[in-house]
Amino acid sequence: MKKIMILALIAAFMVSMLFIGTSCKKEAAAEEAVEAPAVEEPVAEEEAGEPIHLGIIGPQTGWATVFGEHVVQGVKMALDEVGNVVAGRPIELFIEDTQAEVEVMMTKLDSLKERDNCKVIIGPSLGHEGDALPTWAKKNLDTLILVGYSAPQDMTMRDHTPNIIRAGWTADQVIFRFGEFCAKDLDYEKVIIVGQDYAYPWGQTAGFKRGFLENGGEEVKAIWHPV
């Protein structure tokens, strides 16, 4: 009887160990399944989107060529840094020469928009071009214009339009503090300015006059010479 009881206990113990072992194996397998890194499926390369047409407008010939060339070089340098692709879309450049003439600029703006389908235009570069730009921009509000090198203040202040963005400076701005300095620090009362009879020096003179006269100066005389 005792022998039967002992055999029964041994059998029960072995069965219980079998269940425990099986349970441990299941838990271990479950943990391995959780901890095992998921196998990533290969992702197909995203197809390039439609190209973005970017226009640049400014003098590429004539006396003011250097100003237009600087803008083109700057744009190309920026695009090179991003591989000429933005948001998966390649950039196509369309460059137009204004020949430093407002009438030519207006025609070239139309060409960039209508013929080349440019939604963004960078330019112009010259002061008198900038003075005329709002006239075109107000009739083409669906075209975004980033000012290139042109610096008349009116373009983004008194004659502003929401699709013209200035990331640089104005002619008035860069010399305003010099007018203040001449009046307050140098104690000048009267100043003569000599400059080109052209849009950018006009703005510089306006900025200097404001800084000078608002800070105690009495008179600013401007003498203009041909460009």
Side-chain angles (χ1 to χ4, degrees), residues 55-81 97-102 104-106 109 120-138 144-227:
I56 304 178
I57 194 164
Q60 304 297 319
T61 56
W63 66 270
T65 300
V66 63
F67 300 109
E69 287 181 344
H70 283 176
V71 175
V72 173
Q73 291 167 5
V75 172
K76 288 183 176 180
M77 184 183 300
L79 292 177
D80 285 344
E81 291 181 354
D97 180 12
T98 64
Q99 303 172 25
E101 297 289 344
V102 169
V104 175
M105 179 191 75
M106 293 298 196
L109 284 169
V120 179
I121 297 174
I122 297 177
S125 296
L126 302 179
H128 62 294
E129 294 175 345
D131 282 331
L133 180 63
T135 300
W136 188 88
K138 290 174 183 178
L144 185 65
I145 303 170
L146 178 67
V147 179
Y149 207 77
S150 184
Q153 195 179 74
D154 282 355
M155 177 171 45
T156 49
M157 290 185 65
R158 287 165 288 275
D159 199 22
H160 66 87
T161 180
N163 56 325
I164 296 180
I165 299 174
R166 186 197 298 277
W169 63 94
T170 70
D172 309 50
Q173 174 188 4
V174 297
I175 204 168
F176 172 83
R177 292 297 178 191
F178 184 57
E180 179 184 13
F181 172 77
C182 288
K184 293 176 66 174
D185 294 69
L186 302 182
D187 294 321
Y188 291 168
E189 295 180 357
K190 297 181 180 182
V191 172
I192 294 176
I193 288 180
V194 180
Q196 298 179 79
D197 193 8
Y198 169 69
Y200 190 83
W202 298 341
Q204 287 186 304
T205 301
F208 180 89
K209 278 186 174 181
R210 180 173 179 178
F212 186 74
L213 299 177
E214 287 183 355
N215 288 281
E218 296 180 5
E219 182 182 354
V220 176
K221 178 177 176 60
I223 298 176
W224 305 111
H225 65 82
V227 176

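Counting begins at 1 with the first residue of the sequence.
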request  = Begin from the C-alpha positions of T135 and M106 and carry the test side-chain contact (heavy atoms from CB on, under 4.5 Å) through to its verdict.
outcome  = CA-CA 9 Å; T135 300; M106 293 298 196; 4.2 Å; yes

request  = Walk me through it: do W202 and D197 pass the test side-chain contact (heavy atoms from CB on, under 4.5 Å)?
outcome  = CA-CA 7 Å; W202 298 341; D197 193 8; 3.1 Å; yes

request  = Go through the steps for E69 and Q60 under the test side-chain contact (heavy atoms from CB on, under 4.5 Å), then give the verdict.
outcome  = CA-CA 6 Å; E69 287 181 344; Q60 304 297 319; 4.2 Å; yes

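The side-chain contact (heavy atoms from CB on, under 4.5 Å) test with W224 singles out one residue from V194, T205, I193, and that residue is T205.
Looking at D159 and K138, their side chains come closer than 4.5 Å, going by heavy atoms from C-beta outward. With a 4.5 Å cut-off on side-chain heavy atoms, P134 and M155 count as touching. Side chains of L133 and E129 form no contact here, defined as non-hydrogen atoms less than 4.5 Å apart.
Proximity of a side-chain donor or acceptor of H128 to a complementary backbone N or O of A100 within less than 3.5 Å is detected. For N163 (side chain) and A137 (main-chain N/O), a donor-acceptor pair under 3.5 Å exists by modelled atom type. Side-chain atoms of S150 come within 3.5 Å of backbone atoms of L126 as a donor-acceptor pair (strictly under, hydrogens ignored).
Here the straight-line distance linking atom CD1 of I121 with atom CG of L146 works out to 11.0 Å at 0.5 Å rounding. Residue T170 holds its OG1 atom at 4.5 Å from CD of Q153, rounded to the nearest 0.5 Å. With rounding to the nearest 0.5 Å, the separation of CD1 in I175 from CZ in F181 is 12.5 Å. If you take CG on D131 and CG on D154, they are separated by 6.5 Å, rounding to the nearest 0.5 Å. Atom NZ of K190 and atom CD of E218 lie 6.5 Å apart (nearest 0.5 Å). Going from atom CG of D97 over to atom OG1 of T65 covers 7.0 Å, rounded to the nearest 0.5 Å.
Counting heavy-atom neighbours within 6.0 Å of K76 NZ, excluding the residue itself, gives a total of 12 or less. More than 12 heavy atoms of other shown residues, nucleotides or ligands fall within 6.0 angstrom of atom CZ in R166. Heavy-atom neighbours of Q196 CD from other residues, nucleotides or ligands within 6.0 Å: above the threshold of 12. Atom OH of Y188 has 12 or fewer neighbouring heavy atoms from other residues, nucleotides or ligands inside a 6.0 Å radius.
For the residue pair M105 and I57, the shortest heavy atom distance occurs at O-CD1, 3.6 Å. In plain terms, the two heavy atoms of V174 and Q204 that are nearest each other are CG2-NE2, 4.4 Å. In plain terms, the two heavy atoms of P59 and A64 that are nearest each other are CG-O, 3.3 Å. In terms of heavy-atom proximity, I122 sits nearest to G148 at CG2-CA, 4.4 Å. Residues E219 and L213 share a closest heavy-atom pair of N-CD2, 3.9 Å. Closest of all the heavy-atom pairs between D172 and A206 is OD2-CB, 3.5 Å.
Aromatic ring pairs are classed by plane angle as parallel below 30°, tilted from 30° to 60° and perpendicular above 60°; the pair F212 and F208 is parallel. Classification of the F67-Y149 ring pair by plane angle, with boundaries at 30° and 60°, yields tilted.
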